[in-house]
Every structure is written in structure tokens, then in C-alpha cells.
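Letters A, B, ... are given to chains in the order of the sequence lines, protein chains preceding strands, and every chain is numbered from 1. Any value given below was found using the heavy atoms of this structure, including those in side chains, with hydrogens, waters and symmetry copies removed.
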Amino acid sequence: MDKAFLHQEYEQKLYALWDKHHTFQPNMKNKKPPFSILLPPPNANASLHAGHAMFVIEDILIRWKRMQGHPTVWIPGTDHAGYESQYVYEKHLAKQGKSRFDFDRETLYNDIYSFVQQNSGLIEEQLKLLGFSLDWSRKTFMLDDHVVSTVYDTFAKMVKDGLVYRDHYIVNFCPKCGTTFADLEVKHEERKDPLYYIKYGPFVVATVRPETKFRDAALAANPKDKRYKDWIGKTIEVQGVLGMVKMTVIADEEVDPEFGTGIMKVTPAHDAHDFALGRRYNLPVTPIIDTHGKMDFSWFLQSEKTKSTEPKHLERVQKYHNKSVRDVRALMVEDMKADGLIEKVDENYTHNVTVCYKSGHDIEPLVLPNWFVRMKPLAKPAIEAVKKKRIQFVPKRFEKQYYQWMEHILDWPISRQIVWGIRIPVWYSVQENPNIQVTFLDSEHIRVTGTVQEVLNQGYVLEEIQKGLQSLRAPVDATYVVSDKAPGPDYLPETDTFDTWFSSGQWPLTTLHYPESKDFKMFYPTAVLDTMWDILFFWVARMIMFGLYLTKDVPFKAVYLHSMVTDEKGQKMSKSKGNVINPIDIAHEFGADALRIALVAGCAPENPIALSKEKVKGYRNFGNKLWNIGRFIVMMKEQGAENSTDQVLTKDDQSLLTGVQLLTKQTQKYLDEYRFSDAALGLYDFVWNTLANTYLEHTKSREDKDCVFSTLLLAFTSCLKLIHPFMPFVTEAIWQEFVKEKLVDDPLLITAAWPRAEH
RNA sequence: GGCCGCUUAGCUCAGUUGGUAGAGCGUCCGGUUUACAUCCGGCAGGUCAGGGGUCCGAGUCCCUUAGCGGCCACCA
């Protein structure tokens, strides 16, 4: 044996050894209850980061249960990562001077597919480097046929059950990404913007978004506000930038009399709050901003209004038309100033602006037809399940957050206007829905937009439209057929795809081949779901809802939410701070074992997981300590010591063996309670202090070598078993040395029996 | 604005039925020619954020103040 444990020489060989003996696959013949975990799927084209290394928690549980003799499986997979991947691909296109608009839907999808395939596979190798005992024979990709087919079935069931509806609804639309986002996917940025006080007939109204003024549907004041009491219900004439407009004053409790002047303009098409007001008072929804974030005045330019409008105002409309929101705001503020319509401007107004968390672009609240899922009926059983303790949250405090969110859940917009994803399996008859808007590339590769009726009249045939189809927008009341394939010759497909979380929310079902497979029957519900707390709502809550909806059973019995891996000071790792630690580099330098236990030991589940080279180095030393104890035992054997159970134990021997008993019990208890740090620290302390520094040093002078040898061998092999889930490589490496020396019977530590604690 | 955490040795943090303050790293002193210098022995270092309360007894339970962090909702 070498003087030190040289991890580089063992890790890959040992992983191959485990693999060769199929130890990662469950032993279905075991009679104990099955134990299963699903790996939260990393992006298919991602590379491993410190967060992924936290999956070590899952490997610890898996290795532990496997040694205990449960049929155990840990299933890996990768996610297509919806717009994340499309975003990366579009950047790649941009480098070639192209954009997504140069391709039809199908071509773009296939190109992204190849792109993702090219960049995938890396993460699998990296997960292996860390020693994760995943069953690769069961790996799943989010766009595998059987996954897509389950997602289709679920959608069809939801449609049948009345849980899916289409509606015009105000959604977060990112003009840069070209898609809708759920509320969870946007963030808020504090910003200082001018607050304009605009004259509105007899009133003054405060707003940061004067450009939406063109489509105001009403004015609103608080019913208790004396200043405006007499005006409620009255219609007034207002001088605007484009001439006179009529406006009715409504009253609503939600208007804050303290803000601005206490009276607000209502623009249902471009503000979530105003949209709600509009619904309550039946106000018309009249958009003026399009999906590119540009001001669209076609409603004006194509109407009779142009005839009765003063030339000055008409010029303004032409000036504003098709310009960006920001530009128009500046232009119209100038015009309003010229007309004397601005009373004052508060330049120091700070407020929160909604921005896209992917691109950082300002979110435009737009009213668009979208697919929604009714969440209340799904949330109810999901709340019940946790209340009845069918699912346990660790740490417990997340339960509160869960209830809080689930009890106030809003309907979920599931449609995304991107190509890279699972297409919503819906088809529209063009005969029944001539008003469907389509954009497609014709056979000459020219981009054509219009209603189906219009383009058919222009001489295009349906086949050409479908072949070059980029996007389709059906009116909310369009008739549709749910089907994965075209139900007939005159149908066009929906082009929206599902929100990523719609498919990943069904991960426990799809990975286990719900509903008929042996795996599903054996391993559902899974034992525990471990992930970082930041996707509790995105993912965990959705899996619970889908699981209960489809199977009436929870998808997992426990949720373990680990923290974020940070640098040694508890600072979030980021490229700009330059404090990013690449786990693969660390594993390379100090060994995967050292990294693994360093991520677990000394970390409370509530706190950030501080990782530093120094800490990893400390645990590398621990691995080496184990190695040298093993080496010491082998040397004793070479010097003639013999192992036999027939020994007269001294007090030291007995106390060591009692210590191992206690340690076994303690480790068992800690693992049962998800207290990984306590388990790891307890093992570390026992081996280093009790076994090595105390027992081993005391016995060096003893004459009864056989007794020492036997005791030490028994105690140490038990410790190796207990430590194996945390540090699989060094423990297995030592075990293999022991196998060579015929000191142990089990050929592999990974499948050796877990020590029994006597009671 | 609503909710949830955190504040313990120089640094990073444990401390889960309330019972004499702990670990790792670092500092300093000393040691070791065969298990390991990726080692061993030892010293120093904390009024457990501030204040109040319950209790025979509080780092631990309750109230409160301050600082830091997180989640949710975001009113023009």
C-alpha cells in the first residue's frame, strides 16, 4: 500500500468496478421496503457546478439504504430546460448573424435538438467523477418519447376534467425573449423614474407610464375620497395629446387616496391592477403595445378617427407609431409639455419595475390569449397531503412557506411562445377558425403574417403554411382538438410549448414509466426528494400536485431542502466576484471523497454551505487517515498477527467495541433524521480521536497482538461501512486491499451489509 | 407591506427534550528516524448581538430592540 491515498489512481477504477457488478441497479429480490430517489435533472447541456455537487446527500442516502439491503435505486436524467437552452442557442445564432425568425418552427426545433445533443453528456461524466451511484440504465431525458407521451396524456386528462382553459389574461411578457412568463419567473428591480402629474380635464393624475394613456378606459378614485365623490359615475371630456377623449369616473376601494392625487387612470390592457379593475367594471381591454414592445397605433390609423383628427394630432400618431415604449414616452412628454398638459414631474420617485429574470428586459404586462391551468382544485389535496403528514418537509420551516404559497395560489399560465419544448398537443380547424393569426415562411423563405383566411385568399395553401409555420395565435374562443397528431387535413397545430415546469412537474411519473411499469409499482412514491429551496414552488409543489392528481398518491414521502453552496465567507458564488469554486477542480485536487464530506460536515440545513479549499483539504487528510489505519492493519497482518474471535478482551478493547456500537446507533439515528452533518462529524471524531489517537496509540506497546488486531479489524471495518456513504472511494479502496489480504469476506464494500447496532 | 431565518472563540460554524460552553481552520509552544508531517501532544482565546422575563437553573423557552439574510406580494 502506498504511503498516502492517491485518489487519482483509484476513483475511476472503483467506479468501473461498481458498475461492472451492476451495484447501481436495485436488487429487486430483496424483501425490505424499496427505497428510491430521483435526481433533480440538470440541464442536458450544462456542466457541473457546486450546486450539483450537493446531490451527494442523495448518494449518501442511497448507499446507506443499499447497504441495509433495501431494493434501492437512484434515477438520473436531464432536462431540456426550455427557454434557457433556446436562449443559449439564440446567442449562438446571433454570432452567425441570424435569429430565430429566419427559421420555421420545425427546423428551429431540430437545430436546437442537435445543438443540445452536441453539448450533452458532459454532466453525466462529471456526476460519475463524484462517485454518484446512479442507475444509468434508467436515465431519462425530458424530451424522450415516453415522457412526452405522458405529458400529452396528462394534458388531455386535464382538458377533459375542465382544469385547462384558454383566456385573455394579463401576463408577464418579455419582448426580448418573445414569451410569456409566470409570476414566479419575473423579478422586481427598484428604479428611479419620473412620476408625471398629468392634467386630465378637471383632475390631475400621477403616472410613470404616460404612454399607456392613449388607451385609458376610465378614471378611478376611492369611494370615500371626498375630493372626487361628486364625480363618480360621471363622464367627462378630457383634452389629450391626440385631442378630446371621453372618460368615466368609477369608484373602487382599492384606490389609495394617499398616492399621487388620489385619482388614477385605468389601462386594463397594460397593467395587472388595472386589468383586475377592468374585469370588475366591464371596461374594454384595448391594447396599444405589441409583443415586440412597440407602440401599435393601427387601431387608430385604420379607423374613421383619422378623418376627424386635427393634422397636428395625426402627425403625432404617425410619429409614435411602431416606436418603442421608451422612445414614445419621451416624445409624448415633450408634446404634453408643449400643450401645457403636465402639471409637474417628480424626478425622485422610486418604484419597483418588473423585469425578466432571464434577460433582464422590462416585462410588458400584455393581454394575450394563453393556456391556463386551474390551480385551486390541484392545490387543495396537495395542502391536505402535507397537513396529514403524508409528506414531511426538512427543515420544517419550509412547510409554512409551502402553505402560504399554496393557499394563495393563482391559475398557472402554462403556454410559452418558444419552440424548444414540448408542444401543446392541440390542433385548430382552419375552417372553423378562419381568424387564427399565423406567421410563416413561404416557399420563397419570405415571412408572411395574417389571419388564415387572409393568407389562404392570397393563394397560399395550407401545406405551405404548416411547413413554414413560425407561430400561430388562436382567438381564445377558438375550437380545438387535443391530439398529438393532426386530426385531419385542414388543421394547423398550436405552436406554443408547455412551461418547462409542466413537464418536469411530472418527473416522478415519467422517470418511473407511469402508469403500468414494474418500476412505477415498485418505487412510487419515491422516498425523498432533495433539492435546493429555490425551486420549492417551481418544481416541488408542482410535482406534489401532479402526483396527487394522477395517482392519488404523493410522489415522495419527504422533501429535503438543502441550502446554497457559497464561498468560505458565505457569499454567493458568482463570476463577477471571482469566487466560483469548480467542484471538478476540487475533486481533482483533493479527491471526490474530500469534496463530498466537506459539503456535508459542519453544515446546518438552514444555513448556506460554505466551501473552501482549506476545508476540503482537511477532509482529504481524513481520507488519508483512514487509508493509513488500513495500512497499519495490513502491516500488522504481515507481521504475523492473526484474526480470531476467541480473545480475552481488555478494557480498552471492550470500550472501543462499545464505542463502535454507539457510533453505529448514532449514525443510524442521524441519517434517519437527515442530520448529515452530525453523522459525518461523529464518524470523523470517532475514527480520528477514539480509534486512532487513543486506542491505536495505547495498543502499540501491548504484547497480545492478535487481540489488538482482531479488535481493531472489527472496529475499523465497521467504521469503513459507516463512512462509505460519505467517502465511497477511499473506503472501497481500503476494502479491496482487505479483500486481497483475506481480511474481509464481502467482495465489495458498496454492497456489504450495514453494521447492526445491538440494542 | 406580510412571513421566515440568522447574530456563539481571530475565521467558518456545531450545540434538537433548559443541567458546569464545543469542532475544524488559524495563532503560539513543544514533539516524532516505520500507519499517517496529508502526523502527534499542548497553550491561549467566548459577559453565547443588546435589554427584559419565566425557571432552582437559559446559548437553549417567552417578549423586545438593533444589524444581516431569505421568501412572498407589490398600488398607478
Side-chain angles (χ1 to χ4, degrees), chain A residues 1-7 183-184 186 188 190 195-196 198 205-210 212-213 216 219-220 222 252 254-267 270-274 276-277 349 351-354 395-405 407-408 410 533-534 536-537 563-564 566-572 590-591 594 598 601-604 606-636 639 669-670 673 675 677-678 680-682 684-685 688-689 692-693 696-697 700 712:
Chain A
M1 284 175 83
D2 292 305
K3 204 170 173 185
F5 174 62
L6 306 169
H7 62 269
D183 289 338
L184 277 171
V186 296
H188 303 277
E190 192 169 276
L195 180 65
Y196 301 99
I198 301 170
V205 159
T207 181
V208 282
R209 300 207 61 181
T212 60
K213 172 173 146 70
D216 287 348
L219 288 164
N222 192 294
D252 193 89
E254 278 195 15
V255 181
D256 178 6
E258 302 296 316
F259 186 91
T261 55
I263 187 160
M264 62 179 272
K265 62 191 209 61
V266 185
T267 322
H270 296 294
D271 181 279
H273 185 249
D274 293 8
L277 264 180
Y349 177 66
H351 65 143
N352 284 329
V353 179
T354 310
K396 205 170 174 357
R397 68 186 164 95
F398 286 107
E399 240 170 63
K400 232 176 196 172
Q401 266 189 35
Y402 173 83
Y403 290 135
Q404 204 173 27
W405 191 67
E407 276 158 12
H408 300 103
L410 299 172
W533 44 252
D534 63 339
L536 176 61
F537 303 132
S563 296
M564 187 172 35
T566 65
D567 73 2
E568 61 218 283
K569 299 208 161 62
Q571 300 284 311
K572 194 171 175 170
F590 300 107
C603 300
E606 326 255 339
N607 288 10
I609 297 150
L611 185 64
S612 67
K613 269 196 171 189
E614 284 309 307
K615 188 175 178 188
V616 179
K617 197 172 156 188
Y619 287 104
R620 187 272 316 262
N621 295 352
F622 178 57
N624 192 56
K625 190 80 188 172
L626 289 168
W627 178 257
N628 273 288
I629 296 167
R631 197 166 151 234
F632 183 78
I633 290 172
V634 169
M635 284 170 104
M636 280 184 92
Q639 284 160 13
K669 176 172 173 279
Y670 284 155
E673 294 170 357
R675 292 166 61 180
S677 171
D678 291 322
L681 291 174
Y684 179 97
D685 176 63
W688 205 310
N689 295 316
N693 292 352
L696 206 147
E697 290 303 324
K700 276 184 180 169
L712 194 56

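The shortest side-chain heavy-atom distance between A/Trp688 and A/Asn621 falls under the 4.5 Å cut-off. Residues A/Thr207 and A/Lys265 meet the side-chain proximity criterion, which asks for heavy atoms closer than 4.5 Å. A heavy-atom distance below 4.5 Å is found between the side chains of A/Lys613 and A/Phe590.
Regarding A/Asn689, its CG atom lies at a distance of 9 Å from the P atom of B/A23, rounded to whole Å. Rounded to whole Å, atom C1' of B/G15 lies 15 Å from atom CD of A/Glu673. Note: CG (A/Leu611) to C1' (B/C13) measures 14 Å, nearest angstrom. Following rounding to the nearest Å, A/Phe590 (CZ) and B/C25 (P) show an atom-to-atom distance of 14 Å. If you measure from atom CZ of A/Phe5 to atom C1' of B/C39, you get 19 Å, rounded to the nearest angstrom. Atom OH in A/Tyr684 sits about 18 Å away from atom P in B/C13, given to the nearest Å. Between the P atom of B/C4 and the OH atom of A/Tyr402 lies a distance of 19 Å, rounded to the nearest Å. Rounded to an integer number of Å, the gap from NZ of A/Lys613 to P of B/U12 is 20 Å.
Rounded to a whole angstrom, the distance from the P atom of B/G52 to that of B/G10 is 24 Å. On the P atoms, B/G22 is 23 Å away from B/U27, given to the nearest whole Å. The separation of B/U8 from B/G50, taken at their P atoms, amounts to 10 Å, rounded to a whole angstrom. The same atom, C1', is picked in B/G24 and in B/A14; the two are 10 Å apart, to the nearest Å. Atom C1' of B/A21 sits at a distance of 8 Å from the matching atom of B/G59, rounded to the whole Å. B/G26 and B/C40 are spaced 13 Å apart, taking the P atom of each and rounding to whole Å. Rounded to whole Å, the separation between the C1' atoms of B/U7 and B/C48 comes to 10 Å. For the P atoms, the distance linking B/C62 with B/U54 amounts to 15 Å, nearest Å.
A/Tyr619 has its ring centre less than 6.0 Å from the ring centre of A/Tyr684.
Looking at A/Trp627, its side chain never comes within 3.5 Å of a backbone N or O of A/Met1 through a donor-acceptor pair. Looking only at distances, a side-chain donor or acceptor of A/Asn624 sits under 3.5 Å from a matching main-chain atom of A/Phe5.
Pairing partner, B/C71: B/G2, with both Watson-Crick or wobble hydrogen-bond distances short of 3.5 Å. Pairing of B/A58, defined by two Watson-Crick or G-U wobble distances under 3.5 Å, is not identified with any nucleotide. Across all strands shown, B/C11 forms a Watson-Crick or G-U wobble pair with B/G24, both key distances being under 3.5 Å. The partner of B/G30 is B/C40, by the rule that a Watson-Crick or G-U pair needs both atom distances under 3.5 Å.
In this structure, A/Gly602 reaches the sugar-phosphate backbone alone: every heavy-atom distance under 4.0 Å involves primed, P, OP1 or OP2 atoms, never a base. Heavy atoms of A/Asn693 sit under 4.0 angstrom from primed sugar atoms or phosphate atoms, though from no base atom. Within the 4.0 angstrom heavy-atom criterion, no nucleotide atom of any strand lies near A/Ile633.
Considering every non-hydrogen atom in both A/Leu277 and A/Ala220, the closest pair reads CD1-CB, 4.4 Å.
With sequence neighbours excluded, the residues forming a side chain to side chain contact (heavy atoms under 4.5 Å, CB included) with A/Lys669 are A/Glu673, A/Arg675, listed by chain and number. The side chain to side chain contact (heavy atoms under 4.5 Å, CB included) search around A/His351 returns A/Asp193, A/Val208, A/Tyr349, A/Val353, not counting sequence neighbours. Remark: A/Ala610 engages A/Thr566 in a side chain to side chain contact (heavy atoms under 4.5 Å, CB included) (not counting sequence neighbours). Here A/Phe398 pairs with A/Phe393, A/Pro395, A/Gln401, A/Trp533, A/Leu536, A/Leu561 under the side chain to side chain contact (heavy atoms under 4.5 Å, CB included) rule; sequence neighbours left out.
Of the residues in residues 619-632 of chain A, A/Arg620, A/Asn621, A/Asn624, A/Lys625, A/Asn628, A/Ile629, A/Arg631, A/Phe632 come within less than 4.0 Å of RNA chain B through at least one heavy atom, sorted by number.
For A/Glu697, the listed nucleotide lying nearest its side chain is B/A35; candidates were B/G41, B/A35, B/A14.
Regarding contacts with the backbone of B/U34, every side-chain N or O of A/Lys3 stays at 4.0 angstrom or more from both OP1 and OP2.
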Nucleotide by nucleotide, 5' to 3', does protein get under 4.0 Å of the base (B), only the sugar-phosphate (S), or neither (-) in nucleotides 69-76 of chain B, counting heavy atoms? --SS-BBB

